[in-house]
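Some notes on the structure that comes next.
All values derive from a computational prediction rather than experimental measurement. We count residues from 1, following the sequence as given.
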Amino acid sequence: MRKENFTENNITLLLFFMLLAYLFSIGGRLYWPMYFADNASMFYAGQLMINTNDGYFFATGARDIIEGIDNTVKQSAHAIKTSAGLVLLTVYADKLLPFSLETIILYMPAVISSLIVIPIILTGRLMGHTLLGFFAALLGSIAWSYYNRTMTGYYDTDMFSAMAPMFILYFLMKSTMDFTPRSALYAAVAIALYPFLYDAGKSIVYAMGIIYAFYMMFYHRNERTTYVSMVLVFFALVPLPLVAPFNYMIKIVVLLGLYFVLQKSSVEQKKLMFVSGVLFLLFMYFGNVFGLILTKVSGYISTGTATEGLHFYGVKQTIREAGKIPFETFANRISGSQLGVILAFLGYIVLVVRHRAFILALPLIGIGAFALWGGLRFTVYAVPVAAMSAIYLFWTLGELLQNKKLKYTLAAVATAAMLYPNIIHVIGYKVPTVLNKAEVEDLEALNKIASGKDYTLAWWDYGYPIWYYSETSTLIDGGKHNNDNFIISKIMQTSSSELAANLSRLAVETYVDSDYKIVADTIFKNKQEEQLDPNLLLAELASGTYTLPPKTRDIYLYLPYRMMRIFPTVAVFGNLDLTTGQQERNIAFYPTQAVNNKEGKLTFRNGIMFDTTRGVIGLGQQEKGVKYFIVTQNTKEGKLQVQSQIYHADGEYVVVYMKSYGQFVVMDSETFNSMYVQMFMLEKYDRNLFELVVSSPYSKIYKLKI
């Protein structure tokens, strides 16, 4: 493989290209905060808020360390344990930099993720074309999928997801080309650090390690350096049973020691082969390599209810990121267009033919292709390699012109053409913050009346923000998509106040007393010999005949306005007969707006028609009777006014007009009686069981009295 003969000036140019590409990447990510700079509703504590729910998971862990909060019994301890890299980086940034925590978590994704330009440019230099690497870095740094998951405000470990593997790929490739143990050492150190930064991507690094082993054995099996390199890489891959971050620090120290021992000693090649083989087996066994990969794959392609025990609803089928995607979406996410991803695929073939070390990038390409079945989130891994592949194709075609100026012009113009749809996407991608200022103020109000041991029951979308702003715990959250979704869904959709209150108390006390095991499995004894009939237990809770555990903490019910649009999805999880997995009833819940009013006949945006004179709605070709037509309005004094009109006593549907929101909701009569509708929309509740403690147009928070 041809290499550039770099002089001091070349190094200066290399650093200049890196700086320029880095500033380009940062600049693209500054568009979002600049666009919303004057939107006061998206600011809190003097700063624009973040735009990913999961960000509050990591932010809570960092905040608790900074403030010295004892998190040994708090859920934030899980954030500190599983995401030590991001949490500790945030803590150190808070200590060393003159910025608030809110500013740090807002801009850290842009600052960290933009470092991806460094390994991309270095890889281009490795092939002898630094300018090629520069063009690829421009494209790879803002390509659709990578931008979405690393933009300003997307405070998540995704900022390391593609950047860290690219460093590993670069050093692995370099070790196969300059064939020195030093490059393998750098790769090993990067591999050792990777789980510290992005533990969720271990399977990708494992795959890269296996491909590296096959590559070295196929092309360099008779060379001593091969086995020195494999000893270093495989040791880095073997998981150590120590607490983070000490396991990563110890592993790096041992790696450095191994490197110097192997460099200074003359260990025979056969012994090195034996040691590398043993380390490979240890890595495969203790890393549970095949089990991990199979679990990841099956977890993203399987849906539906369980086949053993009780039949709960599978959460994967409700998450867009975890479902099949069309080729157009797949292509746009990786390269910005369908033509772009096709060019990238062709370019990768040319790359492998002309630079065989790019075989090592197969795991990144493979996991990106898996997105067609596994969901959107996997496209991000293929972005940097796809960028390099597409630009390399242009570069190769330019070489046919046998004119440097024309070659560079073609590469520059083609890069600009590839950049264009991605830049357009950056400009158009105006995602809102997770919560608005008023919603945060409601959670802060809860914080003032609740204690750290209390629980707030809410749908999992709001779990992490509840941690951060109210400093209370939850049963389900963005990382706990388990059978407890049934519990929360049942509380939200039941028409029985007794069931909602009693199930809330039983669930929380059982969760704490069982050392935080899955509540639904515990109270129903799911998959155990003495498994209970859930319908009987729920009936006892609804009738008040079930003996509840003693109260040890307060429980709050969080009902936000923003849940209205996903309420049908929320209801799916609890609308089940767990013994069969079949839905209990057909739920109708249609939030919409009126687009036309002619002689008392309202036409809604979703196509439903409401005849206010006859009290009927039109659902396609069918007419259904309306039982109630209710109008609600929030007054300036913070009160809720409710006006009700009865049409048909036996009507199957209810229409609610939330005047302050300009929102109509068409629903079936039973859903109208659900806790969410009654307690949020109408503020109707059993005062013996609940107390309204926080009320605003954006959320209602109730305290459980029992």
Side-chain angles (χ1 to χ4, degrees), residues 1 3-4 6 10-11 14-15 17-18 22 85 112 115-128 130 133 137 160-198 201-202 204-213 215-216 219-220 223-240 245 247-264 272 275-276 279-280 283 355-361 363-364 384-385 388:
M1 192 176 292
K3 302 178 184 178
E4 292 184 59
F6 268 75
N10 294 126
I11 293 295
L14 172 69
L15 296 176
F17 278 146
M18 288 181 178
Y22 184 77
I112 297 293
L115 294 173
I116 197 171
V117 303
I118 296 175
I120 293 178
I121 293 175
L122 288 175
T123 304
R125 179 175 183 253
L126 200 60
M127 294 186 293
T130 305
F160 305 110
S161 62
M163 180 268 289
M166 277 306 296
F167 273 104
I168 294 172
L169 177 64
Y170 166 71
F171 288 124
L172 288 176
M173 288 177 59
K174 192 171 188 297
S175 75
T176 69
M177 292 165 53
D178 62 19
F179 216 62
T180 62
R182 178 177 294 179
S183 295
L185 172 66
Y186 295 152
V189 170
I191 289 170
L193 282 173
Y194 185 75
F196 179 64
L197 300 174
Y198 192 67
K202 284 190 299 187
I204 298 169
V205 178
Y206 285 177
M208 292 174 72
I210 294 171
I211 291 288
Y212 180 74
Y215 182 94
M216 295 293 277
Y219 290 109
H220 307 287
E223 315 235 7
R224 181 179 183 275
T225 300
T226 293
Y227 303 101
V228 172
S229 299
M230 288 170 64
V231 166
L232 295 171
V233 170
F234 291 148
F235 178 78
L237 287 167
V238 176
L240 296 181
N247 52 346
Y248 309 115
M249 297 166 59
I250 291 172
K251 185 176 282 188
I252 291 172
V253 170
V254 174
L255 278 170
L256 293 173
L258 271 176
Y259 171 75
F260 286 111
V261 168
L262 293 174
Q263 284 292 90
K264 297 295 182 181
L272 289 172
V275 173
S276 62
L279 287 172
F280 179 75
F283 149 60
H355 304 285
R356 68 188 186 196
F358 268 89
I359 292 173
L360 301 177
L364 297 176
V385 178
M388 292 208 67

[atom1]/[X] to [atom2]/[Y] distance, rounded to the nearest 0.5 angstrom?
X      : Y      : atom1 : atom2 : result
Leu272 : Leu262 : CG    : CG    : 6.0 Å
Leu185 : Leu256 : CG    : CG    : 6.0 Å
Tyr215 : Met230 : OH    : CE    : 13.5 Å
Leu15  : Asn10  : CG    : CG    : 11.0 Å
Leu193 : Ile252 : CG    : CD1   : 4.0 Å
Ile121 : Met388 : CD1   : CE    : 9.5 Å

If you define the side chain from C-beta out and look only at heavy atoms, does anything of [X] sit under 4.5 Å from [Y]?
X      : Y      : value
Leu258 : Phe235 : yes
Met127 : Phe358 : yes
Thr123 : Leu169 : no
Arg125 : Ile11  : yes

Check: Of all residues at least two apart in sequence or in a different chain, which pass the side-chain contact (heavy atoms from CB on, under 4.5 Å) check with Leu122?
Finding: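 So Leu122 forms a side-chain contact (heavy atoms from CB on, under 4.5 Å) with Leu14, Met18, Ile118, Tyr170.
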Item checked: With sequence neighbours excluded, residues passing side-chain contact (heavy atoms from CB on, under 4.5 Å) with Ser175 ->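 Per chain and number, Ser175 pairs via side-chain contact (heavy atoms from CB on, under 4.5 Å) with Ser183, Ala184, Tyr212.
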On a heavy-atom basis, which atom in [X] and which in [Y] lie closest, and how many Å separate them?
X      : Y      : result
Leu255 : Val189 : CD1-N, 4.0 Å
Gly85  : Leu197 : CA-CD2, 4.4 Å
Leu237 : Gly209 : CD1-CA, 3.8 Å
Pro165 : Leu364 : CB-CD2, 4.0 Å
Thr226 : His220 : OG1-O, 2.6 Å
Ile204 : Pro363 : O-CB, 4.2 Å

Note to self: Taking side-chain hydrogen bond (donor to acceptor under 3.5 Å, both in side chains) as the definition, give me every residue that meets it alongside Tyr186, ordered by chain and number, with sequence neighbours left out.
What the structure shows: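 Not a single residue meets the side-chain hydrogen bond (donor to acceptor under 3.5 Å, both in side chains) criterion with Tyr186.
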Notebook entry, point to check: Got more than 12 heavy atoms from elsewhere within 6.0 Å of CZ, Arg182?
Noted result: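 For Arg182, atom CZ is not crowded (no more than 12 foreign heavy atoms under 6.0 Å).
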Item checked: More than 12 heavy atoms from other groups under 6.0 Å of CZ on Phe260 ->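 Open.
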Next item on the list: Kindly assign one of parallel, tilted or perpendicular to the pair Tyr206 and Phe283, based on the angle between their ring planes and the thresholds 30° and 60°.
Entry: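 Ring orientation, 0 to 90° scale: perpendicular.
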Next item on the list: On the 0 to 90° scale, with breaks at 30° and 60°, tag the Tyr194-Tyr198 ring pair as parallel, tilted or perpendicular.
Entry: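 Correct class here is perpendicular.
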Notebook entry, point to check: Quick check: does any side chain N or O of Lys251 sit under 3.5 Å from a backbone N or O of Val238, one acting as donor and the other as acceptor?
Noted result: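 Checking the backbone N and O of Val238 against the side chain of Lys251, a donor-acceptor pair under 3.5 Å is found.
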Next item on the list: Check for a donor-acceptor pair, side chain of Ser276 on one end and backbone N or O of Tyr227 on the other, with a separation under 3.5 Å.
Entry: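 The answer is no, because no donor-acceptor pair under 3.5 Å joins these two groups.
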